Amino acid sequence: MELTSLNAGYACINLSLQPDKITTNRGMIKKTFTEKGLPYASELALKNVQDLLKIVDWNIEHGFRLFRISSDLFPWASEYRIATLPDYADIRETLEEIGSRPIRLTLHPGPFNQLAGQGRVLDNTLIDLEHQSELFDLMGLKPSHWNKINIHVGGTYGDKIATLARFAKNFSLLSENLRARLTVENDDRQSLYTVTDLLILHETIGIPIVFDYFHHSLNPGQLTEEDAFMTAYNTWDVRPVFHFSDSRREHEDPTARREAHADWLYSPVNTYGKDVDIVFESKMKELAIVRLRGGA
DNA sequence: GGATGTCAAGGAGAT
DNA sequence: ATCTCCTTGACATCC
């Protein structure tokens, strides 16, 4: 593994700081939100954001220049505008501080986002994605794929081609800033989207493709890893962010689901001579990368 | 404090 | 019909 030739990052959780209760995904169930409302949502959001700043600074001190932030910083974000929160001033100040740090931040909103959906499903997707984009706006980050907001296309609704066309059509409903940030990732199951499928989207709306090595190994379509890598690589207008993880079934637990990610990292990453950033999606988070570096 | 049942959202696959 | 998973288990309640 040549970690020196690429920028390594990880996703959402920092295990080194967790014992100190530094975490960014405080939330609540519906009942509590109904009972406690905006003031409590604001309190949790402020704590999440303040801890995000601590995690970002930890990353910089430890040589990480890439980090995927949690898409659950704001509990029940779909139910209010950020600016209406009681702690908005503090939240905004902290977000600006985070945005000023020398690190590439990305987002990966959840599987409920179905940009090819219709009706209420599409409405909910637009609300969530615009919220995530607003976070980057508040951080003062210029809209570009440098700070990607990455999603999967989602369901196929029994017709991949028609669904991809709907995705492209609904893409035009997004704000300019969000359109400048959005990327799509290849899926791990045969019924879903390969790099080749996503290339159609890139050709129609210019959206870059995030290449996930592990997903490709489970759902390669007709492409070799190198072909898929290069196909995705050529869709980017800035240095790409790709995803890597190892198979839990293959390396740690033969009974695990084939899609399950391993706790640690085992395989070399081939970047085919290109300069890319990689988010390592191993369950042991930054510890897996630190172990590879041979550091303590 | 620790154990346990529960938890917004969409879709796909397994049981 | 019901459950589990997904980018990341955490929350609420009971003992």
Side-chain angles (χ1 to χ4, degrees), chain A residues 9-15 17-18 21-36 40-41 43-45 47-48 51-52 55 66-80 105-129 131-132 148-160 163 166-167 170 182-193 210 212-215 218-219 241-245 248-249 255-263 278-288:
Chain A
Y10 58 100
C12 308
I13 293 172
N14 178 291
L15 294 177
L17 296 173
Q18 214 169 43
K21 306 294 175 203
I22 294 171
T23 170
T24 66
N25 45 9
R26 296 172 185 84
M28 58 188 147
I29 62 171
K30 189 175 188 176
K31 184 183 166 200
T32 307
F33 182 58
T34 306
E35 288 167 5
K36 301 192 176 181
Y40 189 52
E43 186 185 326
L44 294 182
K47 283 184 178 157
N48 284 340
D51 279 1
L52 175 59
I55 292 172
L66 170 67
F67 183 63
R68 178 193 300 168
I69 70 180
S70 167
S71 50
D72 284 332
L73 288 175
F74 288 71
W76 294 92
S78 57
E79 307 302 312
Y80 53 82
L105 300 175
T106 68
L107 272 165
H108 196 344
F112 301 113
N113 287 291
Q114 301 282 332
L115 191 52
Q118 293 167 298
R120 189 172 44 80
V121 173
L122 176 58
D123 293 341
N124 291 342
T125 299
L126 299 177
I127 290 168
D128 188 23
L129 293 181
H131 163 76
Q132 307 295 351
K148 75 178 165 69
I149 297 178
N150 177 55
I151 59 174
H152 291 262
V153 171
T156 61
Y157 302 88
D159 185 342
K160 268 190 200 178
T163 302
R166 209 162 51 244
F167 186 105
N170 292 344
L182 206 68
T183 63
V184 284
E185 176 182 345
N186 59 309
D187 287 295
D188 57 4
R189 282 173 289 164
Q190 282 190 19
S191 61
L192 300 178
Y193 300 89
V210 172
D212 185 307
Y213 288 81
F214 183 43
H215 292 175
L218 297 171
N219 179 30
V241 178
F242 288 170
H243 298 171
F244 186 93
S245 53
R248 181 168 182 77
R249 178 188 281 187
T255 69
R257 309 167 35 246
R258 65 196 284 278
E259 297 90 354
H261 294 193
D263 288 349
I278 298 208
V279 175
F280 288 92
E281 298 174 326
S282 33
K283 296 202 168 189
M284 292 310 284
K285 304 297 177 185
E286 83 281 8
L287 301 181

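Being a predicted model, the structure only gives us computed values, none of them experimental.
Under the salt bridge (Lys or Arg N to Asp or Glu O under 4.0 Å) criterion, A:D51 pairs with A:R26, A:K54, sequence neighbours left out. Under the rule for a salt bridge (Lys or Arg N to Asp or Glu O under 4.0 Å), the partners of A:D263 that lie at least two apart in sequence or sit in another chain are A:R248. For the salt bridge (Lys or Arg N to Asp or Glu O under 4.0 Å) test, residues two or more places apart in sequence or in another chain that qualify with A:R257 are A:E259. Looking at residues two or more places apart in sequence or on another chain, you find a salt bridge (Lys or Arg N to Asp or Glu O under 4.0 Å) between A:K47 and A:E43.
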Can you give the dot-bracket line for DNA chain C, where a pair is Watson-Crick or G-U wobble with both atom distances under 3.5 Å, crossing pairs use [ ], and | marks a partner on another strand?
||||||..|||||||
Between A:F214 and A:F244, is the ring pair (Phe, Tyr, Trp, His ring centres under 6.0 Å) condition met? List the steps.
CA-CA 6 Å; A:F214 183 43; A:F244 186 93; 8.6 Å; no
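Using P as the reference atom, C:dT8 and B:dC7 are 23 Å apart when rounded to the nearest Å. Comparing the P positions of C:dC6 and C:dA10 gives an interatomic distance of 14 Å, to the nearest angstrom. Of the C1' atoms belonging to C:dG9 and C:dC5, the separation is 13 Å, rounded to the nearest Å. Taking atom C1' on both nucleotides, B:dA9 is separated from C:dT4 by 16 Å, rounded to a whole Å. When the P atom is used for both B:dG5 and C:dC3, the distance is 14 Å, rounded to whole Å. Comparing the P positions of C:dA1 and B:dA8 gives an interatomic distance of 24 Å, to the nearest angstrom.
For the pair A:L115 CG and B:dG11 P, the interatomic distance rounds to 13 Å; values are reported in whole Å. Summarising the geometry, the separation between CG on A:N219 and P on B:dG13 is reported as 11 Å, rounded to the nearest angstrom. If you take CZ of A:R166 and P of B:dG10, they are 15 Å apart, rounded to a whole angstrom. Distance, A:Q132 CD to B:dA9 C1': 13 Å, rounded to whole Å. Distance CG (A:D128) to P (B:dA9): 14 Å, rounded to an integer number of Å. When rounded to the nearest whole Å, the span between CD1 of A:I151 and P of B:dG10 equals 15 Å. A:D187 has its CG atom 13 Å from the C1' atom of C:dC5, to the nearest Å.
When each of A:W76, A:F74, A:Y80 is checked for a ring pair (Phe, Tyr, Trp, His ring centres under 6.0 Å) with A:H131, only A:F74 meets the rule. Considering A:H243, A:E185, A:E281, A:Q132 in turn, A:E185 is the only one that fulfils the side-chain hydrogen bond (donor to acceptor under 3.5 Å, both in side chains) rule with A:H108.
Relative orientation of the A:H215 and A:H152 rings is tilted, given thresholds of 30° and 60° on the angle between their planes.
Residues A:G154 and A:L192 approach most closely at O-CD2, 3.8 Å, considering heavy atoms.
Nearest nucleotide to the A:R189 side chain, out of B:dG10, B:dA8, B:dG13: B:dG13. Among B:dG11, B:dA8, B:dG10, the nucleotide with an atom closest to any side-chain atom of A:Y157 is B:dG11.
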Nucleotides 6-15 of chain C: protein proximity per nucleotide (B base, S sugar-phosphate only, - neither; heavy atom, under 4.0 Å):
BBB-SSSS--
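Shown here is A:Q190, whose CD atom has no more than 12 heavy atoms of other residues, nucleotides or ligands within 6.0 Å.
Nucleic acid contact for A:T156: sugar-phosphate only, since backbone atoms but no base atoms lie under 4.0 Å from a heavy atom of the residue.
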